[in-house]
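Below is one structure, written out as structure tokens; the observations come after it.
In this chain, residues are counted from 1 in sequence order. As the structure lists them, so they are numbered: ligands from 1, and atoms in each ligand from 1. Here the structure is a predicted model, which means the values were calculated and not measured.
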Amino acid sequence: MSNQQTDAKAAGAAKVDELDAVVIGAGFSGLYMLHRLRDELSMSVRVYETGDGVGGTWYWNRYPGARCDSESYIYCFSFSDELLQEWNWSGKYPEQPEILSYLNHVADRFDLRRDIQFSTRVTSALFREADNRWEIETDQGDRVSAQFLITAIGCISASNVPDIKGLDSFEGEWYHTGAWPHEPVDFNNKRVGIIGTGSSGVQSIPVIAERAGHLTVFQRTPQFTIPARHETVDQKFLEEVKANYDEIWHKARYSVGGIPADPVEVSALTVTAEERQAVYERGWAEGGFRFFFGTFGDIQVDRRANDTAAEFIRSKIRETVKDPEVAEKLLPTDHPFGSKRALIDTNYFETYNRDNVTLVDIRHNPIVEITSKGIRTEDGEYELDIIVFATGFDAMTGTFFKIDIRGRDGEALKDKWAEGPKTYLGLAAAGFPNMFMITGPGSPSVLSNMPVSIEQHVEWICDFIEHLREHDAEVAEAEREAEAAWVDHVNEAAEMTLFPLANSWYLGANIPGKPRVFMPYPGGVGNYREKCDEVAADGYEGFTLGAGRRGKRRTTRVS
Ligand code: N01
């Protein structure tokens, strides 16, 4: 393995640095990947990061109210006991600034910054068959070659600003929640309009409403959302957690969603109406994902069971929102509960009781255009000083497509995935040797507590690289048959759930023209981990290992 880490620009444009690995992105995934490759496998690694700091998602998503839906004690790395013991979370659900501080602490603690090149976007990555290396270029003129290319680019990082006529003519300010400015936005006495009521909208609407002169919410799809019951972390609870972390992480790693919840077997359909009501009331009072995972075992897979939870939430909306007409507009009726990303909130429905908040139902009164003064819907114009787009992301594939990634025979990843992403285990793609994806499409990723999935991927990739080194194998490539079988399995697993019944970004439905394919793996992080471990134990079944050159590929497995 080479150990050369000369700075590309310092060495001059003509010089091509030779690295063992290039990692794209310095969020949770990229930071841990760098630590493992560099400090445990002694590899030469460079991380390229578009932002001017670490944090990924938590660097970009600085909108008012941004916080994580996973509880803080499990929304962190588990790989270092010292790190777990020394860090003290203050919020039950950590706010964006606190998560960003945590990631900065991790970067400093493990001395990661010296191998991260900030303010640099990777523009292309081409696999050179002649010497089995990736050639990577950036918008800063870097040109490096690496044996391994590892994407740590996040699943929801390509912002989607919808193509609405007239945005250029708007004379006020506009922002996307996923690319929020670093300086505070002044909402004081301003007329603010927000489009979108997904996670970002539901979190930011109550906070913006408190600061703005007037807030108009443009809602296309009403959402199910559960009160988070946010509070400061109970210190006694944190002490107990710290004393029991091994057990907690074990449970999370073998769970469905990467959180240490005990599976609930009881069906919502086998209890009496009174018992069901009592369970939902308890879940509602506890709040957060406990309602989702801790009430009944079949609400995610059985429509009739799901209907009971959906009706309970609708009754809570009617109870909370004082104006019956507004409440009616807020009732989700066109998709099962949880089939779009499950949401949790703080004072979301209560916000519609405020005098300075107006709800516009753009499903029945569509946006026609953005004007110089605001937003015009079919029934009139809403004058605004600020427009906030909480309109989500070109998820899971969009960030890949911003980079010109080409594998064997110059095949573009964008072409390979034209009809939807095709991966083996969400970790690798046939035709793209030595490229590994952290939380790629086809892995549990966005359906899980991300750090748990990220750690599993990073560790699996490192074990695989060690295996390659031990066996003198230069190249690893997913086999097409294994990839096709995995894609089929992901689709079959999705068909067993209620996910396909909603128009969600999981299916690409939010981006006009995007193929409707369910992208994350819905089989649960525990099952997925076991499958990945089996693949490894079986000599990395489904991968061809070897020199990798055309005509010289070894088709027998090295184990
Ligand atoms: O984006 P979304 P998000 N005209 O795609 C609407 C993670 N996250 O940024 O439902 C009008 O969910 C769209 O309407 P519809 C989390 O995984 C986590 O909120 O498509 N409206 C929807 O209401 C999450 O799922 C956290 O009909 C348009 C909204 O915009 C993911 O990021 C916090 C429109 C987009 O919702 C994305 O969440 C934040 C158009 N043309 C985010 N296009 C936490 O952990 C879209 N919409 C807390």
Side-chain angles (χ1 to χ4, degrees), residues 28 56-58 60-72 74-75 91-96 99 154-165 167 175-180 193-205 207 217-226 228 230 257-259 288-289 330 332 334-335 338-346 348 359-370 375 377 387-396 398 439 444-451 453 499 502-512 514 519-520:
F28 267 96
T57 286
W58 301 104
W60 299 105
N61 286 264
R62 295 166 184 252
Y63 59 85
R67 66 169 80 239
C68 183
D69 284 351
S70 292
E71 291 187 39
S72 50
I74 42 149
Y75 194 75
K92 178 177 172 188
Y93 296 98
E95 263 186 293
Q96 175 269 336
I99 305 171
C155 300
I156 30 190
S157 33
S159 298
N160 165 44
V161 177
D163 186 14
I164 302 175
K165 192 177 110 192
L167 178 57
Y175 306 98
H176 188 281
T177 49
W180 199 261
I194 183 165
I195 306 176
T197 52
S199 298
S200 307
V202 158
Q203 282 192 331
S204 54
I205 284 165
V207 181
V217 179
F218 297 87
Q219 170 196 267
R220 186 163 72 181
T221 307
Q223 289 275 12
F224 294 101
T225 159
I226 308 294
H230 176 65
I259 59 174
F289 285 144
L330 287 165
D334 71 346
H335 61 281
S339 58
K340 279 173 171 288
R341 160 69 147 75
L343 305 184
I344 71 175
D345 71 275
T346 300
Y348 177 65
L359 177 65
V360 180
D361 171 3
I362 56 171
R363 174 139 310 161
H364 296 104
N365 173 24
I367 294 177
V368 178
E369 61 175 343
I370 294 176
I375 293 179
T377 64
I387 299 176
V388 174
F389 289 94
T391 43
F393 301 85
D394 184 355
M396 311 223 53
T439 65
S445 64
V446 290
L447 298 178
S448 70
N449 175 33
M450 286 299 261
S453 288
F499 286 121
N503 288 322
S504 70
W505 59 260
Y506 295 143
L507 284 148
N510 60 328
I511 303 293
K514 193 164 172 173
M519 294 182 285

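- Short contacts between ligand 1 and Q203, defined as distances under 4.0 Å to a heavy atom of the residue, involve ligand atoms 33 (C), 48 (C).
- Using modelled atom types, one side-chain atom of N510 and one backbone atom of F393 make a donor-acceptor pair closer than 3.5 Å.
- Summarising the geometry of A342 relative to D69, their closest heavy-atom pair is O-OD2, 4.2 Å, with the distance given to 0.1 Å.
- Looking only at protein heavy atoms, the nearest one to atom 40 (C) of ligand 1 is R220 NH1, 3.4 Å.
- Proximity of S199 to ligand 1, defined as any heavy-atom pair under 4.0 Å, is shared by backbone and side chain alike.
- Within the 4.5 Å cutoff, no side-chain heavy atoms of I156 are placed close to those of W60.
- Under the 4.0 angstrom criterion for non-hydrogen atoms, I195 is in contact with ligand 1.
- The protein heavy-atom contact nearest to atom 5 (O) of ligand 1 is W505 CD1, 3.3 Å.
- Residue R341 places at least one N or O, backbone or side chain, under 3.5 Å from an N or O of ligand 1.
- Ligand-side atoms of ligand 1 in range of I362: 11 (C), range being under 4.0 angstrom from any heavy atom.
- Proximity of the aromatic rings of Y93 and F289 is defined here by a centroid distance below 6.0 angstrom, and this criterion is not met.
- Counting only heavy atoms of the protein, atom 1 (O) of ligand 1 lies nearest to G392 CA, 3.1 Å.
- Here the side chain of Q96 pairs a donor or acceptor atom with the backbone of W58 at under 3.5 angstrom.
- T221 and R363 share a side-chain donor-acceptor pair at under 3.5 Å.
- If you number the atoms of ligand 1 from 1 as listed, the ones under 4.0 Å from a heavy atom of F393 come out as 9 (O), 37 (C).
- Remark: ligand 1 atoms within the under-4.0 Å shell around heavy atoms of R67 are 44 (C), 45 (O), 48 (C).
- Looking only at protein heavy atoms, the nearest one to atom 27 (O) of ligand 1 is T221 OG1, 2.4 Å.
- The shortest distance between side-chain heavy atoms of N160 and W505 does not fall below 4.5 Å.
- The side-chain heavy atoms of I164 and I375, taken from C-beta on, include no pair separated by under 4.5 Å.
- Side chains of Q223 and P332 form no contact here, defined as non-hydrogen atoms less than 4.5 Å apart.
- Distances between N or O atoms of Y63 and those of ligand 1 include no value under 3.5 Å.
- Numbered from 1 in the order shown, with element, the atoms of ligand 1 that lie under 4.0 Å from a heavy atom of G196 read 6 (C), 23 (O), 29 (C), 30 (O).
- Taking the side chain as every heavy atom from C-beta outward, I205 and Y348 approach each other to under 4.5 Å.
- Of all the heavy atoms of K340, the ones lying under 4.0 Å from any atom of ligand 1 belong exclusively to the side chain.
- Taking any N or O of S200, backbone or side chain, at least one lies under 3.5 Å from an N or O belonging to ligand 1.
- Closest to atom 36 (O) of ligand 1 among all protein heavy atoms lies G198 CA, 3.5 Å.
- When only interatomic distances are considered, the shortest N/O to N/O separation between T197 and ligand 1 falls below 3.5 Å.
- Within ligand 1, the atoms closer than 4.0 Å to a non-hydrogen atom of D69 are 44 (C), 45 (O), 48 (C), numbered from 1 in the order shown.
- Checked by distance only, ligand 1 and N510 stay at 3.5 Å or farther apart across all their nitrogen or oxygen atoms.
- Within the 4.5 Å cutoff, side-chain heavy atoms of L167 are placed close to those of F389.
- Annotation: A390 places an N or O atom under 3.5 Å from an N or O atom of ligand 1; distance criterion only.
- Of the protein's non-hydrogen atoms, P162 CB, 3.2 Å is the one closest to atom 41 (N) of ligand 1.
- Of the protein's non-hydrogen atoms, the one nearest atom 32 (O) of ligand 1 is I156 CD1, 3.2 Å.
- The shortest side-chain heavy-atom distance between W180 and P64 falls under the 4.5 Å cut-off.
- Minimum interatomic distance between M396 and T439 (heavy atoms only, all atoms of both residues): CE-O, 4.5 Å.
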